Amino acid sequence: MSLKIKINENYQTVNKNYLFSEIAKRVAAYKNAKPDNSVISLGIGDVTRPLPPIVIEAMKKASDEMGDSKTFRGYAPEYGYDFLREAIADYYTKIGISLTANEIYASDGAKSDVGNIVDILGDNTILIPDPVYPVYLDSNLMSGRKVEFISGNMENGFLPTPENISEKPYVIYLCSPNNPTGAVYDEKKLKLWVDFATKTGSLIIYDAAYEAFIKEDYPHSIYKIPGARTCAVEICSFSKTAGFTGVRCAWSVFPDELTVGDTKLSALWARRQATKFNGIPYVVQRAAQAALTEEGLKQCRESIEYYLGNAKIIGDVLTEKGIKFTGGDNSPYLWLRCPNNMSSWEFFDFLLNEAELVGTPGAGFGKAGEGFFRLTSFGTRENTLIAAERLKTLL
Ligand code: MLT
């Protein structure tokens, strides 16, 4: 018997499977058909390096505290313990940005925050760069929002700017270093967006999840740009910075000046989180705090250098083969044009079948991603070297 309730019909407007679920399904089918496979994944951006030792120590200590009635803790504060919010504020101080701990809202992931922020925003026009992390589009479609795209391409270095966009208020999503292209906004280009948002009363949702991979002189935070405090929320994560994909910890910054009329966006977010979220485990928050200490950052840096080393190994093969790509220098992702005019999914099948390598088809990141392909450097060194040899032979 069928239920007589109404469902959220907006879910009919998104692809049946989330991009990385679709890839996992296809890879599982391949492995099933060929049990002796030696598939290597350069697909989803999942880390492989173990957690930094200082993080492990902090987790052990916090676990012991949880096992002692004198130091046991129950529900964590919805927005994070003060010690973590302060550690994050200090992290910003190190890059010359002044925020108060109260402006920082810790959570269990940047993906959660990116998806959940739709809750506190009304029926705005959404402006999304294409190609980009699919959660921006999917979460807005699920809420029935109207979405417009700005195209990233070879000509603009996959860094679209607001020159030819009609001047009205939008909710704008930016990701820098960009997932999937690895392209990074410099201060000048980012300022164009901040100025546009200021002029039009738009909100920028700035995803800085990959900022720790920036080696050259690019902004690590949108708050480096004057005026950003009145128009931008920033979302950042421990996933890629500290290897927390399986631990889960992130944060969003809602500056005090971010208001709609008399309403602070931070007040809406606080209200949302208090209602729908019960905070991150104490053990995880202590782990995150440890990652942001001087020694913690040093240990995190070692893993980041390791991944960037992997990116160089892959990038060198692409260069040798004359395949154009972006990213890999200030980003863990390499974004390449599919050889021989293959479509993204054709190249996906070709790589999987001929070299047992998994990547991510560019078309999964938007229409402008068709004909492109993403490889991640988050594998082990050993697998990356094998993958590089296979690419050399195949391409
Ligand atoms: C990716 O591969 O794009 C990321 O791992 C996805 C994510 O961070 O959720």
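None of the values given here were measured: they were computed from a predicted structure. Start at 1 and go down the list; that is how both ligands and their atoms are numbered.
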Can you list everything that forms a ring pair (Phe, Tyr, Trp, His ring centres under 6.0 Å) with Y18? Sequence neighbours excluded, please.
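If we apply the ring pair (Phe, Tyr, Trp, His ring centres under 6.0 Å) test to Y18, skipping adjacent residues, the hits are F20.
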So, are K60 and E57 salt-bridged, with charged N and O less than 4.0 Å apart?
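Salt bridge flag = no for E57 with K60.
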Could you tell me whether K199 and E167 make a salt bridge, using a distance below 4.0 angstrom between a side-chain N and a carboxylate O?
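Between E167 and K199 there is a salt bridge, with a charged N closer than 4.0 Å to a carboxylate O.
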Find the distance between CZ (R374) and CH2 (W335) and round it off to the nearest 0.5 Å.
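Output value for this atom pair is 8.5 Å.
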If the threshold is 4.0 Å, N to carboxylate O, is there a salt bridge linking E356 and K31?
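Judged by the 4.0 Å cut-off on N to carboxylate O distance, E356 and K31 do not form a salt bridge.
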Under 4.0 Å from ligand 1 - residues by heavy atom, chain and number
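For ligand 1, the contacting residues are F20, I44, G45, Y133, N179, Y210, K240, Y333, R374.
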So, do V184 and E216 sit near enough that their side-chain heavy atoms are less than 4.5 Å apart?
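The answer is no; the side chains never approach within 4.5 Å.
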